Amino acid sequence: MNHELRVKSKKTNSLFGQVYKLVQQIPSGKVTTYGEIALALGTRDARKVGWALHQNPDGNTTPCHRVVNRAGKLAPNFAFDGSQEQRRRLEAEGVTFIDDRHVDLKKHLHRFIK
DNA sequence: TATTTGACGATTT
DNA sequence: CAAATCGCCAAAT
């Protein structure tokens, strides 16, 4: 194989793989937004970020429960065990909730860059 | 193959 | 202040 341009050519390219990698870097008790991830990857396509997570209910490898939208709101229905489970999980990590489906981004928003 | 849509978000009208 | 539009990509129909 070509030792050299092995960067992330091929499949592992799209935001998909990159999204997973970033999400896995989110420390416990922190949350991030789709937009932050997208920007960290050099794009504004927050939709694809959400899509990536949706297509990969891999809560094992990717703690999707730590990823919320800009309003701090959780996903409409969680792929793990349900939206209630996502909330419970975040609370267990020390994340403060404003209401059943809104986390306090001001306190727990994790940023990759800046 | 082409069109629509989807865990979104910021900016412009 | 609300609605429309742009950004950008892959999967589903």
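Just so we're clear, the structure is a prediction, and the values are computed from it rather than from any experiment. So you know, we letter chains A, B, ... as the sequences are listed, proteins then strands, and number each from 1.
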task = Between dT4(B) and dC6(C), how far apart are the P atoms? Round to whole Å, please.
result = 15 Å
message = Checking Val67(A) against Ile37(A) for the side-chain contact (heavy atoms from CB on, under 4.5 Å) test, could you report, in this order, the C-alpha distance in whole Å, the side-chain angles of both residues, the deciding distance, and whether it holds?
response = CA-CA 9 Å; Val67(A) 184; Ile37(A) 295 172; 4.1 Å; yes
Nearest-angstrom distance from the residue atom CZ of Phe16(A) to P of dC8(C) = 18 Å
task = Would you please name every residue forming a ring pair (Phe, Tyr, Trp, His ring centres under 6.0 Å) with His110(A), sequence neighbours left out?
result = Phe112(A)
message = Show the nearest heavy-atom pair for residues His65(A) and Glu93(A), with the distance to one decimal.
response = NE2-OE2, 3.2 Å
task = Round to the nearest Å and state the distance from Arg89(A) atom CZ to dA7(B) atom P.
result = 20 Å
query = Among residues 30-45 of chain A, which residues get a heavy atom nearer than 4.0 Å to DNA chain C?
reply = Thr43(A), Arg44(A), Asp45(A)
task = Let me know the distance between CG of Leu105(A) and P of dA7(B), rounded to the nearest Å.
result = 19 Å
task = Check whether any side-chain heavy atom of Lys30(A) sits under 4.5 Å from a side-chain heavy atom of Leu109(A), and report yes or no.
result = no
key: Minimum heavy-atom distance Asn69(A)-Leu105(A), with the two atoms named   = O-CD1, 4.0 Å
ask   = dA10(C) and dT1(B): how far apart are their C1' atoms, nearest whole angstrom?
value = 16 Å
ask   = Can Arg87(A) and Leu74(A) be said to form a side-chain contact (heavy atoms from CB on, under 4.5 Å), step by step?
value = CA-CA 8 Å; Arg87(A) 176 193 174 192; Leu74(A) 309 177; 4.2 Å; yes
task = Check the surroundings of atom NZ in Lys21(A): do more than 12 heavy atoms from other residues, nucleotides or ligands lie under 6.0 Å from it?
result = no
note = Paired to dC6(C) by Watson-Crick or G-U wobble criteria (both distances under 3.5 Å) is dG9(B)
What N/O pairs connect the protein and nucleotides 3-6 of chain B at under 3.5 Å? Give each pair on its own line.
unit_1, atom_1, unit_2, atom_2, d
dG6(B), O4', Trp51(A), NE1, 3.4
dG6(B), N9, Trp51(A), NE1, 3.2
dG6(B), N2, Lys48(A), NZ, 3.3
dG6(B), N2, Trp51(A), NE1, 3.3
dG6(B), N3, Trp51(A), NE1, 2.1

message = In this structure, how many angstroms lie between the C1' atom of dC9(C) and the CG atom of Leu53(A), rounded?
response = 14 Å
note = Residues Val103(A) and Val68(A): closest non-hydrogen pair is CG2-CG2, 4.0 Å
